Amino acid sequence: MIEELLPDSVVSVEALGDDAAEGVRLYPEEEALAASFVHKRRSEFAAVRGCARQAMEKLGVAPRAIARGDSGEPVWPAGLIGSMTHCEGYRAASLARSGDLASLGIDAEPHEELPEDVIVSVALPTENERLRRLAERDPSVHWDRLLFSAKESVYKAWFPLMAQWLDFLEADIDLFEDGGPAPHGAGAGAFAPRGSTAGPATRVPTVTRGPVARGPVTDDSVSRGSVTGDSVTGGSLAGPVTGGPARSGGFRATLLVPGPVVGGRRIQSFDGRWTVRQGLLATAVTVPGGHGAA
């Protein structure tokens, strides 16, 4: 499912079910990180690393430990970039060579309504209005949860390039369905940020910070302020996630703070893809350019 949202240069491995950690051996440095985890958290930690190591092998890289950086972010082998995600019953890892992309981020969530106390902390007024219109057109999609997931993917792609936090309210996300109206310059097949400008003359929109700032990056997910755990609490998948997507589309994330410089160009928007299948939704962002991020 995740691989359908990403370009061919990205290798993805996913695992379904809560027994995905069986047979996954943790390296000593990973064992040290997981020493205090409860059983469920340890299983998620191991399963998603099993996916990542399979992706390494597909790229011709010998599997190895995935440590944590100073801010809790995953540390990938030299020459690789990647992202991991897990929610109830699903784990996935996506990796690429650093010469092919500058960064990437993936996220999966249960396809359920986002708690009201969460959406008020993560959505801008402009986003709330767009969510209302999307829900009127297609009430079968939990657009609020999809917005949350898109912001997670944006953050995971942002952090390796900037090494600093990005508040939920510092990216304005415009979601669209395949075949529906798209933000100016973005298309259903878009992966690369478009319309970016370079240099200090770039005009950056301003935003007032909300009450919930995103917390530190954790090894395969993000600590999300008032939202606890590795994803917003949700139930088990309602059904299989195999087969074609029930819904799909794209999104454009306009950064409301100065964005990363990649290849000498300042990027002020990320483009991504999303899909919704029975019981699950997923989002992905890639930042093109490879070497040269600053």
Side-chain angles (χ1 to χ4, degrees), residues 2 5-6 83 85 103-109 111-116 118-138 141-159 161-162 165-178 180-196 204-210 212-214 221-222 224-225 227 231-232 247-260 267-276 281-288:
I2 284 284
L5 307 179
L6 294 160
S83 183
T85 187
S103 189
L104 67 92
I106 63 171
D107 185 69
E109 302 282 341
H111 184 219
E112 300 174 354
E113 184 178 2
L114 198 67
E116 185 175 353
V118 175
I119 191 62
V120 298
S121 298
V122 303
L124 294 159
T126 51
E127 293 170 327
N128 276 318
E129 177 57 26
R130 289 194 291 267
L131 291 179
R132 183 188 64 77
R133 294 197 299 265
L134 287 165
E136 289 176 352
R137 287 202 300 266
D138 187 353
V141 175
H142 290 296
W143 295 102
D144 52 357
R145 178 78 66 152
L146 189 55
L147 175 76
F148 177 87
S149 180
K151 292 204 173 195
E152 291 292 83
S153 288
V154 166
Y155 184 45
K156 291 178 182 181
W158 156 279
F159 191 85
L161 298 174
M162 299 296 288
W165 315 135
L166 181 72
D167 191 272
F168 282 109
L169 303 183
E170 291 177 334
D172 187 347
I173 291 183
D174 199 348
L175 299 160
F176 60 92
E177 287 191 271
D178 285 341
H184 178 70
F191 293 103
R194 300 182 183 181
S196 302
V204 179
T206 58
V207 62
T208 301
R209 286 180 178 269
V212 178
R214 194 182 252 115
S221 292
V222 178
R224 307 178 177 103
V227 183
S231 63
V232 178
R247 295 287 188 278
S248 62
F251 59 91
R252 165 152 290 191
T254 300
L255 301 174
L256 304 181
V257 293
I267 295 176
Q268 283 304 138
S269 64
F270 290 171
D271 285 341
R273 296 283 299 160
W274 61 266
T275 188
V276 173
L281 63 82
T283 59
V285 168
T286 55
V287 181

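Keep in mind it's a predicted model, so treat the numbers as computed, not measured.
When all heavy atoms of V122 and E127 are compared, the pair lying nearest together is O-OE1, 3.8 Å. For the pair A108 and T85, the tightest heavy-atom approach, listed with the atom from each and the gap, is N-OG1, 3.0 Å. Between D138 and E177, the shortest heavy-atom distance links the atoms OD2-OE2, 3.3 Å. Here the closest heavy-atom approach between residue S153 and residue A284 is recorded as OG-N, 3.9 Å. Closest approach of R145 and P115 over heavy atoms only: NH2-CD, 4.3 Å.
The salt bridge (Lys or Arg N to Asp or Glu O under 4.0 Å) test applied to E116 returns no partner, not counting sequence neighbours. Qualifying salt bridge (Lys or Arg N to Asp or Glu O under 4.0 Å) partners for R133, counting only residues two or more places apart in sequence or in other chains: E129. With sequence neighbours left out, the side-chain hydrogen bond (donor to acceptor under 3.5 Å, both in side chains) criterion links N128 to no other residue. Residues passing the salt bridge (Lys or Arg N to Asp or Glu O under 4.0 Å) test with D144: none are found, sequence neighbours excluded. With sequence neighbours left out, S149 forms a side-chain hydrogen bond (donor to acceptor under 3.5 Å, both in side chains) with D107, T283.
From R137, atom CZ reaches atom CZ of R132 across 10.5 Å, with rounding to the nearest 0.5 Å. The line from CZ of R273 to CD1 of I106 is 15.5 Å long, rounded to the nearest 0.5 Å. With rounding to the nearest 0.5 Å, the separation of NZ in K156 from CG in L166 is 14.0 Å. The OG1 atom of T126 lies 8.0 Å from the CG atom of L256; values are rounded to the nearest 0.5 Å. Separation of atoms CZ (R247) and CG (D178) is listed at 11.0 Å; rounding is to 0.5 Å.
A donor-acceptor pair under 3.5 Å links the side-chain atoms of S103 to the main chain of A157, judged by distance alone. H111 contributes a side-chain N or O that, together with a main-chain N or O of H142, makes up a donor-acceptor pair within less than 3.5 Å. Remark: side-chain polar atoms of T254 are not paired, donor with acceptor, to backbone N or O of A171 under 3.5 angstrom. The closest donor-acceptor contact from the side chain of Q268 to the backbone of L255 lies under 3.5 Å.
Proximity of L134 to L146: side-chain heavy atoms (C-beta onward) are nowhere separated by under 4.5 Å. Contact check for L161 versus I267: no side-chain heavy atoms found under the 4.5 Å cut-off. Side-chain contact between I119 and L131 is present, with at least one heavy-atom pair separated by less than 4.5 Å.
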Before giving the answer on side chain to side chain contact (heavy atoms under 4.5 Å, CB included), spell out for F270 and V287 the whole-Å C-alpha distance, their side-chain angles and the decisive distance to 0.1 Å.
CA-CA 7 Å; F270 290 171; V287 181; 3.8 Å; yes
Could you give me the CA-CA distance, side-chain angles and deciding distance for F148 and F168, then say whether ring pair (Phe, Tyr, Trp, His ring centres under 6.0 Å) is met?
CA-CA 9 Å; F148 177 87; F168 282 109; 5.8 Å; yes
Does the pair F251 and V285 meet the rule for a side chain to side chain contact (heavy atoms under 4.5 Å, CB included), with working shown?
CA-CA 9 Å; F251 59 91; V285 168; 3.5 Å; yes
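None of L175, I173, D172 except one satisfies the side-chain contact (heavy atoms from CB on, under 4.5 Å) rule with R130; the exception is D172.
The aromatic rings of W143 and W274 sit perpendicular to each other, their planes meeting at more than 60°, with 30° as the lower class boundary.
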